[in-house]
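Scroll down for the structure; my scribbles are underneath it.
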Amino acid sequence: MSLLKKINMMIAAALVLVLTLGILTACAKSSPSGSSSTADSASEEETFQNESSPAETMIPATDAGTKTLVVYFSATGNTKSVAGKIIEATGSDGYEIIPAQPYTEDDLNYNDPDSRSSKEQNDDGARPEIGGEKLSLDDYAIIYIGYPIWWGKAPRIMETFVESYNFEGKTVFPFCTSGSSPIGDSAKNLAKLSGGTWLDGKRFSSDPSDEEIEMFINGTNL
């Protein structure tokens, strides 16, 4: 083969290579309108899914079974005053036990053995009826229960109350008011009738200081 012929063949091969490269480049640059690279497509698809997928449902925490309640019976107002201070200090809900038949001054005469309160306290089976709306304990985990001391005991209406409700799973902190009588076994006797977890009780005078109330609340370790 002559030298000229070899040169022509080399030129032709070079031209073919140039044309091939040019065609490939043109194809790469002329992708259809609106299309994108694989990476971009994946990114857009992921974004769309994130935007269109419903957000994870967040159920807000409820206070069911976690709230605190102060329940009290007060015939003369002393226990009500103490209960009010505990409610204010703890931010608790309050519930007053109202007797269906209110107690009169004569009913509370402990010097009269024939007075209503004397007869009730001497009768283990006495269960004075509670008036007013019935209470639900479902929302409450902590319950303060207050009452006066009558004849060394809790008033019989407190037995009516604790026997009327389910205290399972509740923690109870009893407190009482009296002129001098201690809380004694009054709370233990109520605990036997109610269930739940009853902790040590506290006696208050008719007008305890804020410091005394605070010490009682702090002592519950809540």
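In this text the structure is predicted, and so the values were computed from the model without any measurement.
Judged as a salt bridge (charged side-chain N to carboxylate O under 4.0 Å, His left out), the pairs with a partner in residues 192-218 (not counting sequence neighbours) are, in order, K85-D207. Evaluation of the ring-ring contact (aromatic ring centres under 6.0 Å, His included) test over residues 108-132, restricted to residues two or more places apart or in two chains, returns none. For the salt bridge (charged side-chain N to carboxylate O under 4.0 Å, His left out) condition, the pairs that include at least one residue of residues 157-169, sequence neighbours left out, are R127-E159, R127-E163, R156-E159.
Taking each heavy atom of K119 and D114 in turn, the nearest pair found is CE-O, 3.3 Å. Taking both residues in full, the closest heavy atoms of L199 and P174 are given as O-CD, 3.3 Å, listed atom of the first, atom of the second, then distance. Shortest non-hydrogen contact noted between S118 and P113 is CB-O, 3.6 Å. The two residues P102 and R116 come nearest to each other via the heavy atoms O-NH1, 3.2 Å. Among all heavy-atom pairs drawn from P99 and I97, the shortest one is CD-O, 3.7 Å. In this structure, K170 and D138 approach most closely via the heavy-atom pair NZ-O, 3.9 Å.
The shortest side-chain heavy-atom distance between I157 and I130 falls under the 4.5 Å cut-off. In this structure, P148 and T76 have side chains that are not in contact, with every pair of non-hydrogen atoms separated by 4.5 Å or more. Put simply, the side chain of E120 reaches to within 4.5 Å of the side chain of P128, judged on heavy atoms. Within the 4.5 Å cutoff, the side chain of V71 has no heavy atoms near those of the Y144 side chain.
Using cut-offs of 30° and 60° for the angle between ring planes, the W198 and F167 rings count as tilted.
In summary, the aromatic rings of F73 and Y95 are positioned with their centroids too far apart to meet the 6.0 Å limit.
Judged purely by atom type and a 3.5 angstrom limit, S117 uses its side chain to pair as donor or acceptor with the backbone of D107. For Y165 (side chain) and L135 (main-chain N/O), a donor-acceptor pair under 3.5 Å exists by modelled atom type. A distance-only check finds no donor-acceptor pair linking the side chain of S115 to the backbone of L108 [under 3.5 Å].
If you take CG on L69 and CG on L137, they are separated by 7.0 Å, rounding to the nearest 0.5 Å. Within the model, atoms OG1 of T90 and CD1 of I142 stand 10.5 Å from one another, a figure rounded to the nearest 0.5 Å. Rounded to the nearest 0.5 angstrom, S164 OG and E129 CD are separated by 10.0 Å. Atoms OG1 and CD1, on T79 and I149 in that order, are 9.0 Å from each other to the nearest 0.5 Å. Separation of atoms NZ (K153) and CD1 (I183) is listed at 15.5 Å; rounding is to 0.5 Å. Distance check: N218 CG to I213 CD1 gives 11.5 Å after rounding to the nearest 0.5 Å.
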| field | Chi angles and distances behind the ring-ring contact (aromatic ring centres under 6.0 Å, His included) call for F175, Y72 | value | CA-CA 9 Å; F175 65 95; Y72 62 94; 8.1 Å; no

| Passes side chain to side chain contact (heavy atoms under 4.5 Å, CB included), I143 versus T171? Steps please. | CA-CA 6 Å; I143 303 175; T171 300; over 6 Å; no

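Qualifying side chain to side chain contact (heavy atoms under 4.5 Å, CB included) partners for I98, counting only residues two or more places apart in sequence or in other chains: E96. Every residue meeting the side chain to side chain contact (heavy atoms under 4.5 Å, CB included) condition with A154, not counting sequence neighbours, appears here in chain and number order: Y147, M158, S186, L190. Residues passing the salt bridge (Lys or Arg N to Asp or Glu O under 4.0 Å) test with D93, sequence neighbours excluded: K67.
Residues S181 and S178 have side chains that never bring a donor and an acceptor to within less than 3.5 angstrom of each other. Between the side chains of S81 and N78, no donor-acceptor pair is found at a separation under 3.5 Å.
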